[in-house]
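Working notes, beginning with the structure itself.
Quick caveat: nothing in here was measured; it's all calculated off a predicted structure. Here, residue 1 is the first one in the sequence, and each next residue gets the next number.
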Amino acid sequence: MTFDYCPTVGARPERCLYGQWRAMTEAPRTAELIAAYRSGDASAKRRLPAVAFMASFGGLKRAASAARPSGLVMADFDHLEPGEIDAAAARLVPATDEERATSPVMLVHRTPSGRGLRVVIKCTAAEPYAPCRTVADYQQVLAHVAGLDGRLDAACHDLSRLSFCPMAADVLYVSSRMWTEAPERLPEAVSQQPQPAPRLTLPAEAPAAPAAQQTYCGEPLRDIFERYFAMTGGLPHEGERN
């Protein structure tokens with residue numbers, strides 16, 4: 001499956017190969033930035049490399065319109081206690097070689113905050129994912145499998161979404177199949193086009209009163225107009241420029 005990464009958040013996406021993934025997660029700088037972020041330096045996270053697990057961009061700028069689905073779906077679960085992370089990982093990480101060869105789970109890791117869990121799965125027609133069609137469908141089923149119903153970050157439906165790279169110590173499971181296998185399924189696209197605004201039916205305005213009936217400071221407008229034109233040479237002739 002093909003997906004991209006960005007060396008920094010604003011950089012143009014590049015192909016994320018297995019060697020690049022290992023280099024990023026094992027780099028001392030990655031661990032240093034995550035440690036700084038956990039110590040209160042909010043800007044440190046923005047300096048981490050980031051991965052777009054759900055798409056590649058063909059060398060173009062990262063945008064939803066340029067996203068090519070990778071066949072992977074990512075889900076984030078935030079604000080978890082350590083015990084919740086451990087329990088979810090135990091439900092997700094394959095335990096045997098046979099399970100590792102067939103499981104749709106490709107990656108499980110703690111997020112840079114240390115209080116979240118990120119899971120990447122392969123889109124599959126196997127149960128319990130068989131009815132899934134969209135990214136959101138897969139995420140909802142995955143949340144249930146992980147025992148984290150209601151804890152899903154709902155902002156992760158966009159295929160172009162970036163995820164900050166973890167350090168190696170936070171990677172609880174990763175499968176090389178994420179790089180060696182072809183996509184089994186692609187999630188159906190959800191239109192990114194803005195929907196036209198609904199047409200509003202406004203109440204009809206009441207017709208304006210004739211000039212003869214309108215007043216200004218209690219004086220009929222018609223009388224004011226007549227005095228004005230009498231002072232300026234009379235009413236303009238038809239076709240005359242005013």
Side-chain angles (χ1 to χ4, degrees), residues 3-10 13 16 21 24-25 27 29-55 62 64 67 69-94 103-123 128-129 132 134-175 178 187 190 192:
F3 55 95
D4 284 355
Y5 84 101
C6 295
T8 58
V9 172
C16 185
W21 167 260
M24 291 189 297
T25 57
R29 176 172 170 77
T30 299
E32 291 167 3
L33 288 171
I34 289 175
Y37 177 61
R38 291 178 182 176
S39 296
D41 181 0
S43 67
K45 185 171 75 167
R46 303 286 298 178
R47 301 197 294 275
L48 286 166
V51 184
F53 291 106
M54 295 193 287
R62 184 178 66 89
S70 65
L72 298 169
V73 165
M74 174 196 73
D76 278 6
F77 304 93
D78 298 326
H79 310 298
L80 302 179
E81 296 299 326
E84 292 177 304
I85 293 175
D86 293 341
R91 295 175 64 119
L92 294 168
V93 174
S103 172
V105 177
M106 300 285 109
L107 174 67
V108 181
H109 73 79
R110 295 185 189 89
T111 57
S113 69
R115 296 288 304 277
L117 190 69
R118 178 167 298 122
V119 185
V120 178
I121 64 169
K122 179 179 182 177
C123 294
Y129 300 98
C132 298
T134 66
V135 169
D137 292 341
Y138 279 99
Q139 290 172 336
Q140 290 295 335
V141 174
L142 174 57
H144 182 70
V145 172
L148 294 172
D149 293 286
R151 310 296 293 277
L152 182 69
D153 181 351
C156 295
H157 299 336
D158 183 355
L159 290 177
S160 63
R161 175 91 172 185
L162 284 176
S163 300
F164 289 107
C165 183
M167 58 183 174
D170 284 336
V171 178
L172 306 178
Y173 174 74
V174 61
S175 173
M178 190 159 61
V190 177
Q192 303 286 335

### Task
Kindly give the heavy-atom pair with the smallest separation between Y129 and P104, and that separation in Å.
CE1-CG, 3.9 Å
### Message
When you compare the side chain of S175 with that of L107, does any pair of heavy atoms fall below 4.5 Å?
### Response
no
### Message
Quick one, Y5 and M24 - any side-chain contact, counting heavy atoms below 4.5 Å?
### Response
yes
### Query
With a cut-off of 6.0 Å (strictly less than), are more than 12 heavy atoms of other residues, nucleotides or ligands near CZ of R46?
no
### Message
Assess, by modelled atom type and distance only, whether the side chains of H144 and D149 contain a donor and an acceptor separated by less than 3.5 Å.
### Response
yes
### Task
Search all heavy atoms of P166 against all heavy atoms of D170 and return the closest pair with its distance.
CB-CB, 4.4 Å
### Task
Walk me through it: do K45 and L33 pass the test side-chain contact (heavy atoms from CB on, under 4.5 Å)?
CA-CA 7 Å; K45 185 171 75 167; L33 288 171; over 6 Å; no
### Task
Give the minimum heavy-atom separation between P13 and R62, together with the two atoms involved.
CG-CB, 3.6 Å
#### Entry: Check: M74 main-chain N/O paired with Q139 side-chain donor or acceptor under 3.5 Å
yes
### Task
Using modelled atom types only, decide if a donor and an acceptor are shared between the side chain of S160 and the backbone of A67 within a distance under 3.5 Å.
no
### Side chain to side chain, Y173 and P94, heavy atoms closer than 4.5 Å
yes
Sequence neighbours excluded and cut-off under 3.5 Å, please list the side-chain donor-acceptor pairs for residues 78-85, or say none.
residue, atom, partner, partner atom, Å
E81, OE2, R115, NH2, 3.2
E84, OE1, E81, N, 2.8
E84, OE2, R151, NH1, 2.8

### Task
Find out whether P7 and P49 are in side-chain contact, i.e. whether some heavy atom of one side chain is under 4.5 Å from a heavy atom of the other.
no
### Message
How close do C132 and V141 get, counting heavy atoms only, and between which atoms?
### Response
SG-CG2, 3.5 Å
### Message
Is the shortest side-chain heavy-atom distance between C123 and L72 below 4.5 Å?
### Response
no
### Task
Would you check if L142 and L92 make a side-chain contact, meaning some heavy-atom pair closer than 4.5 Å?
yes
### Query
When rounded to the nearest 0.5 angstrom, what distance separates OG in S163 from CE in M54?
7.0 Å
### Query
Quick one: which of R118, M106, R161 gives a side-chain contact (heavy atoms from CB on, under 4.5 Å) with F53?
R118
### Side chain to side chain, V108 and L117, heavy atoms closer than 4.5 Å
yes
### Query
Is there side-chain contact between D4 and V51, with at least one heavy-atom pair below 4.5 Å?
no
### Query
Would you say the side-chain atoms of R47 pair up with the backbone N or O of T8, donor to acceptor, closer than 3.5 Å?
no
